[in-house]
K.L.:
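Here it is: the structure, laid out below.
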Amino acid sequence: MARLLVLLLAGLPFAALSQDRYPVDWDRVEEEALGHFTALLRIDTTNPPGNETEVANYLRDALAAEGIDGRLYAMEPGRDNFVARLPGNGSKQPVLVMAHTDVVGVQRENWSVEPFDAVRRDGYIYGRGTLDDKDNVTAGLMLLTMLKRANVALDRDIIYLAEAGEEGTPEFGIDYMIDEHWDEIEAEYCLAEGGTTVARDGDVRYVSIATTEKFPMRVELLARGTAGHGSVPRVDNALAALATAVAKLSDWQPPMRLNDTTRTYFERLASISPEENAAHYLGLFDPDRSAASQRWLAEHEPQHNALLRTGVSPTILSGGFRRNVIPSDATAMLDVRALPDQDPEAFYADMAAVINDPNVELVRRPIYRPPGTPSPIDNEMFEVIEAVNQRMFPQAVTLPTMLTGATDMAQVRAQGIPCYGFGPIRDEQDMASGGGAHGDDERILEDSLLPLVQFLWYAVLGIAASP
Ligand SMILES: [Zn+2]
């Protein structure tokens with residue numbers, strides 16, 4: 001499928017974009033990218049413990065062979081981050097290309113192949129990290145290699161950051177780099193993971209570009225009551241209080257609040273959706289229909305409902321140890337995913353008001369991803385991204401997207417740097433059958449690695465190549 005698109009691309013007459021001053025042998029690039037990708041997948045960087053240093057060394061050596069000096073930065077041995085920089089003429093601020101080198105663990109028994117062997121099967125490459133995020137690590141590596149070989153004249157420095165610890169331990173990766181080595185990675189724009197290019201029957205329908213994300217707030221409820229014999233019911237039963245509080249929070253719908261990204265997302269999605277779905281996406285903006293459309297999304301499209309508001313999901317309940325003993329306390333864990341501009345204090349206060357029970361305490365856990373402003377969708381970087389998508393997939397729409405999950409882009413955006421997440425082509429049906437990021441049998445379409453490299457190449461040339 002991607003192969004067809006690539007052929008198509010090669011034959012299209014393009015305006016004299018700066019990109020086209022640097023012709024590329026894409027067959028060779030693909031072969032080389034697949035080689036690096038395979039090697040990177042075979043380095044097990046399951047976090048914990050991470051062992052990202054092995055990948056950092058690989059990248060340093062691969063780029064050193066091209067005459068590019070990179071440096072390793074570690075907060076702890078074994079957890080190295082890697083940074084390489086290609087200098088521009090300094091007339092504009094740098095672009096940061098970022099990808100994380102660690103991966104989440106696997107439940108081996110649920111995989112049909114060895115998760116760290118980069119097995120090729122039926123047009124896919126299987127392996128932990130194929131989608132998250134060694135595809136982007138590879139694209140960044142190829143980008144620097146290609147820029148250097150083609151001796152591209154740049155207005156901006158291109159910074160490549162391959163970072164450790166994204167999967168739950170940003171203290172080793174992005175936090176450490178921001179706190180201790182900010183000078184090395186400071187940029188005007190950042191390109192990273194988190195987007196998806198979605199195809200149906202071989203045709204790309206839309207290109208999702210991550211422009212903002214919700215941030216996790218970890219909250220626990222602690223209900224207290226009087227302990228006693230189960231034969232004597234009490235009005236201050238801790239389990240009952242907890243259950244009531246959880247039920248109230250689950251019934252509660254915080255008000256819908258859209259931002260530039262989600263507004264544009266629903267508008268554009270409507271343009272490629274069946275009539276009924278489209279009517280509900282657009283209904284969100286209509287005061288008379290909004291409530292009904294929100295209800296419809298909550299019932300039919302939970303993923304879209306999650307984009308409308310800060311959401312609360314109870315995930316673990318615990319309390320009690322014996323049938324005939326009333327326990328003195330019980331707890332609930334809540335996974336709260338906040339809109340990017342949510343004021344945490346205000347949300348805690350709202351939750352307490354909804355629970356409205358002095359016997360139920362709201363226990364806050366530290367917030368490890370900061371709130372942040374959504375990245376603009378009307379600046380030069382986003383325009384370049386849209387132009388690249390238009391060029392590569394003329395029939396598709398670009399959807400600025402708010403991720404419900406969390407990435408290291410949150411930290412970078414919180415520094416005031418707009419961040420844009422891109423990603424490989426995925427087949428809609430295959431996506432629905434699992435095999436995604438963090439899933440069993442994580443896999444990538446073999447033919448989608450090259451378009452990923454092409455996207456990054458065109459986007460970086462578009463924003464950084466000297467005219
Ligand atoms: Zn990731």
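Throughout, residue positions are numbered sequentially from 1 according to the sequence presented. Just follow the structure's listing: the first ligand is 1, and inside any ligand the first atom is 1.
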K.L.:
If the condition is ring-ring contact (aromatic ring centres under 6.0 Å, His included), which residues does F116 pass it with, not counting sequence neighbours?
P.N.:
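With sequence neighbours excluded, F116 shows a ring-ring contact (aromatic ring centres under 6.0 Å, His included) to no residue whatsoever.
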K.L.:
Listed by chain and number, what are the side-chain hydrogen bond (donor to acceptor under 3.5 Å, both in side chains) partners of T196, not counting sequence neighbours?
P.N.:
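For T196 there are no side-chain hydrogen bond (donor to acceptor under 3.5 Å, both in side chains) partners, ignoring immediate neighbours.
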K.L.:
With the Zn ion (ligand 1) as the reference point, give the N/O/S atom of D132 that is nearest.
P.N.:
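Nearest N/O/S atom: OD1.
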K.L.:
Which value, rounded to the nearest 0.5 Å, describes the distance between L456 atom CG and L461 atom CG?
P.N.:
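Spacing of CG (L456) from CG (L461) equals 9.5 Å.
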K.L.:
With respect to the Zn ion (ligand 1), please indicate if D133 possesses an N, O or S atom at a distance under 2.8 Å.
P.N.:
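Coordinating: no.
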K.L.:
Would R268 count as a cation-pi partner of Y206, with NZ or CZ less than 6.0 Å from the six-membered ring centre and within 45° of the ring normal?
P.N.:
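Verdict for Y206: no cation-pi partner in R268.
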K.L.:
Is the Zn ion (ligand 1) less than 2.8 Å from an N/O/S atom of E193, whether that atom is in the backbone or a side chain?
P.N.:
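So E193 counts as coordinating the Zn ion (ligand 1), yes.
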K.L.:
Which is the closest N/O/S atom of H100 when seen from the Zn ion (ligand 1)?
P.N.:
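This turns out to be NE2.
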